[in-house]
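Let me begin by handing over the structure; questions about it come next.
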Protein chains: 2
Amino acid sequence: MGIELRRPERTFSIRQLCLEFKCTPRALRFYEDKGLLAPARQGLNRVYSYKDRARLQLILRGKRVGLSLAEIREILQLYGKEDGAAAQNAKALAKFRARIVVFEQQREDIDHAIAELTSACARLEELLAETHPELLTAEPAVAPGVHARPGARDLAVAKHH
Amino acid sequence: MGIELRRPERTFSIRQLCLEFKCTPRALRFYEDKGLLAPARQGLNRVYSYKDRARLQLILRGKRVGLSLAEIREILQLYGKEDGAAAQNAKALAKFRARIVVFEQQREDIDHAIAELTSACARLEELLAETHPELLTAEPAVAPGVHARPGARDLAVAKHH
DNA sequence: TGGAACGTTGACGTTTGCGTCAACCTAAAT
DNA sequence: ATTTAGGTTGACGCAAACGTCAACGTTCCA
């Protein structure tokens with residue numbers, strides 16, 4: 001039939017999204033409880049649209065930069081309603097600006113941290129080279145070009161202990 | 001007499017550090033409990049040296065970039081003992097490198113976030129300018145309240161609920 | 001016909017990072 | 001002598017962000 005299964009119409013099961021984004025069903029349901037997601041239902045089952053997937057991406061990015069779920073929800077809400085009460089928009093503007101400032105501070109902190117860790121690595125490498133060269137794993141730097149892709153192979157999220 | 005009271009010899013009370021770094025005594029004691037700080041004592045009272053202050057700075061920076069206290073402690077420990085078991089140093093090296101990778105990912109995320117919020121701000125400004133220009137506070141940058149995150153009411157500015 | 005595989009809703013447990021008393025000491029100022 | 005302004009150690013409380021069962025419903029498929 002003529003129905004094209006192009007990407008924008010695709011839907012996702014909870015597990016598909018979890019595999020793609022390395023998280024657990026529990027987490028997605030939790031985000032839903034907290035009002036960050038609202039997938040459609042097919043009977044009882046959740047059905048995630050492309051828009052839901054995009055939201056999830058934003059949520060996870062937000063988390064990685066240290067936002068709380070409450071803050072993320074706020075931002076998502078403000079994002080959606082560009083109309084409505086203008087006073088709300090003014091408040092949104094202020095909040096956004098404030099967040100930008102915080103982010104810039106954070107970037108500075110991260111640059112600091114990277115610099116310090118890098119020099120610490122250099123010192124450690126020297127030290128090891130002198131005393132126990134056999135322990136040098138011979139990986140002097142981060143593999144260039146390759147963004148640390150976790151390589152989703154299993155459905156169980158392995159933890160580091 | 002010849003004794004110079006240069007900075008390196010200065011010591012700090014718990015409150016002084018709290019004021020300087022916008023945190024609470026409770027937090028500092030907590031960090032101590034967790035093995036991140038170990039100030040000298042004068043009777044019962046804690047006396048923080050310049051080195052302690054530096055450690056505190058690192059701790060807070062670590063927190064701001066999303067490290068857990070446990071991770072920060074690990075880093076601080078590895079920092080202090082450049083000798084000792086070489087195998088430990090090798091592990092430290094690996095961990096540091098891994099953290100650097102995470103940090104670089106984080107920086108990317110933050111740049112993303114800043115970009116998105118900035119464009120959102122621009123859109124909001126336009127929208128407000130058209131519909132309710134009187135709400136434009138004409139503060140293109142930040143105004144109030146130093147950026148300290150939650151709570152901190154012990155000796156900081158009173159906050160909204 | 002039944003058992004994987006996938007989904008659902010509770011509900012309780014856990015860790016982290018402190019806040020918040022309470023009860024007490026102690027040196028300095030009044 | 002007593003208030004005041006700092007400090008101390010417990011001990012309990014709490015919110016965030018899930019993990020971890022338990023008990024149960026579908027659908028497919030050999």
Side-chain angles (χ1 to χ4, degrees), chain A residues 11-48 52 56 58-76 154-161, chain B residues 11-48 52 56 58-76 148-161:
Chain A
T11 62
F12 307 84
S13 78
I14 195 171
R15 191 150 295 255
Q16 283 173 327
L17 285 189
C18 286
L19 284 174
E20 181 174 357
F21 293 111
K22 270 293 184 189
C23 53
T24 68
R26 180 67 177 93
L28 292 204
R29 293 188 201 110
F30 186 72
Y31 301 155
E32 191 174 340
D33 277 4
K34 295 297 175 180
L36 287 114
L37 282 175
R41 296 297 184 115
Q42 193 164 249
L44 276 184
N45 292 15
R46 288 163 175 85
V47 178
Y48 295 88
D52 293 323
L56 179 55
L58 284 178
I59 293 170
L60 297 178
R61 257 217 287 275
K63 286 203 53 184
R64 280 183 309 215
V65 301
L67 296 181
S68 74
L69 294 187
E71 291 170 313
I72 296 173
R73 182 186 49 204
E74 231 187 325
I75 291 182
L76 287 177
D154 212 302
L155 40 92
V157 181
K159 304 281 289 191
H160 54 290
H161 238 13
Chain B
T11 62
F12 307 83
S13 78
I14 195 171
R15 192 151 292 258
Q16 283 173 327
L17 285 189
C18 287
L19 284 174
E20 181 173 358
F21 292 110
K22 271 293 184 186
C23 53
T24 69
R26 178 67 177 93
L28 292 205
R29 294 188 202 111
F30 187 73
Y31 301 154
E32 193 174 338
D33 277 4
K34 294 297 175 180
L36 288 113
L37 281 176
R41 295 298 182 115
Q42 193 163 249
L44 277 184
N45 292 16
R46 289 164 174 83
V47 179
Y48 295 88
D52 292 322
L56 179 57
L58 284 177
I59 292 169
L60 297 178
R61 256 217 286 276
K63 285 202 51 185
R64 279 181 309 213
V65 300
L67 296 181
S68 74
L69 294 188
E71 291 170 312
I72 296 173
R73 182 187 51 205
E74 233 188 321
I75 291 181
L76 287 178
R149 283 261 265 132
R153 54 177 99 270
D154 194 10
L155 32 78
V157 204
K159 306 278 289 192
H160 51 54
H161 166 45

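Letters go in sequence order (proteins before strands), and every chain restarts at 1. These numbers were taken from a predicted model, which means no experiment stands behind them. Below, all heavy atoms of this structure are taken into account, side chains as well, without hydrogens, waters or symmetry copies.
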Exercise. Would you kindly give the CZ-to-P distance between R29(B) and dC12(D), to the nearest whole Å?
Key: 18 Å

Quiz prompt | For atom CD of E32(A) and atom C1' of dG10(C), their distance in whole Å | solution = 15 Å

Quiz item: Hey, what do you get for CG (L76(A)) to CG (L69(A)), rounding to the nearest 0.5 Å?
Solution: 10.5 Å

Quiz item: If only atom types and distance count, is the side chain of R46(A) paired as donor or acceptor with the main-chain N or O of S13(A) below 3.5 Å?
Solution: no

Self-check item: Test item: R41(B) side-chain N/O and V47(B) main-chain N/O as donor-acceptor pair under 3.5 Å
Solution: no

Self-check item: I14(B) CD1 - dA5(D) P separation (whole Å)
Solution: 19 Å

Practice problem: Could you tell me which non-hydrogen atom of P25(A) sits nearest to which non-hydrogen atom of R15(A), and how far apart they are? | Solution: CG-NH2, 4.2 Å

Self-check item: DNA chain D contacts made by residues 37-48 of chain B, counting heavy atoms under 4.0 Å
Solution: R41(B), L44(B), N45(B), R46(B)

Quiz item: Is the distance from OP1 or OP2 of dG7(D) to the nearest side-chain N or O of S13(B) less than 4.0 Å?
Solution: yes

Quiz item: When rounded to the nearest 0.5 angstrom, what distance separates CD in E32(B) from CG in L37(B)?
Solution: 7.0 Å

Quiz item: Hey, what do you get for CZ (F12(B)) to CG (L56(B)), rounding to the nearest 0.5 Å?
Solution: 10.5 Å

Self-check item: Nearest-angstrom distance from the residue atom CG of L56(A) to P of dC18(D)
Solution: 11 Å

Quiz item: CD1/I59(A) to CD1/I75(A) distance, rounded to the nearest 0.5 angstrom?
Solution: 11.5 Å

Quiz item: Rounded to the Å, how far apart are I59(A) CD1 and dA17(D) P?
Solution: 12 Å

Exercise. Mind calculating the distance between CG (L17(B)) and P (dG7(D)) to the nearest angstrom?
Key: 10 Å

Self-check item: Atom pair OG1/CG of T24(B) and L17(B) - distance to nearest 0.5 Å
Solution: 12.0 Å

Quiz prompt | Rounded interatomic separation in angstrom, taking CG from D33(B) and C1' from dT15(C) | solution = 16 Å

Within the sub-3.5 Å range, which N or O atoms of nucleotides 16-18 of chain C have a protein N or O partner, and how far apart are they?
| unit_1 | atom_1 | unit_2 | atom_2 | d |
| --- | --- | --- | --- | --- |
| dG17(C) | OP1 | L69(B) | N | 3.2 |
| dC18(C) | OP1 | K63(B) | NZ | 2.9 |
| dC18(C) | OP2 | Y31(B) | OH | 3.1 |
| dC18(C) | OP2 | K63(B) | NZ | 2.5 |

Quiz item: Could you give the distance from CZ (F21(A)) to CG (L28(A)), rounded to the nearest 0.5 Å?
Solution: 9.5 Å

Exercise. In whole angstrom, give the distance that lies between atom CG of L60(A) and atom P of dA17(D).
Key: 13 Å

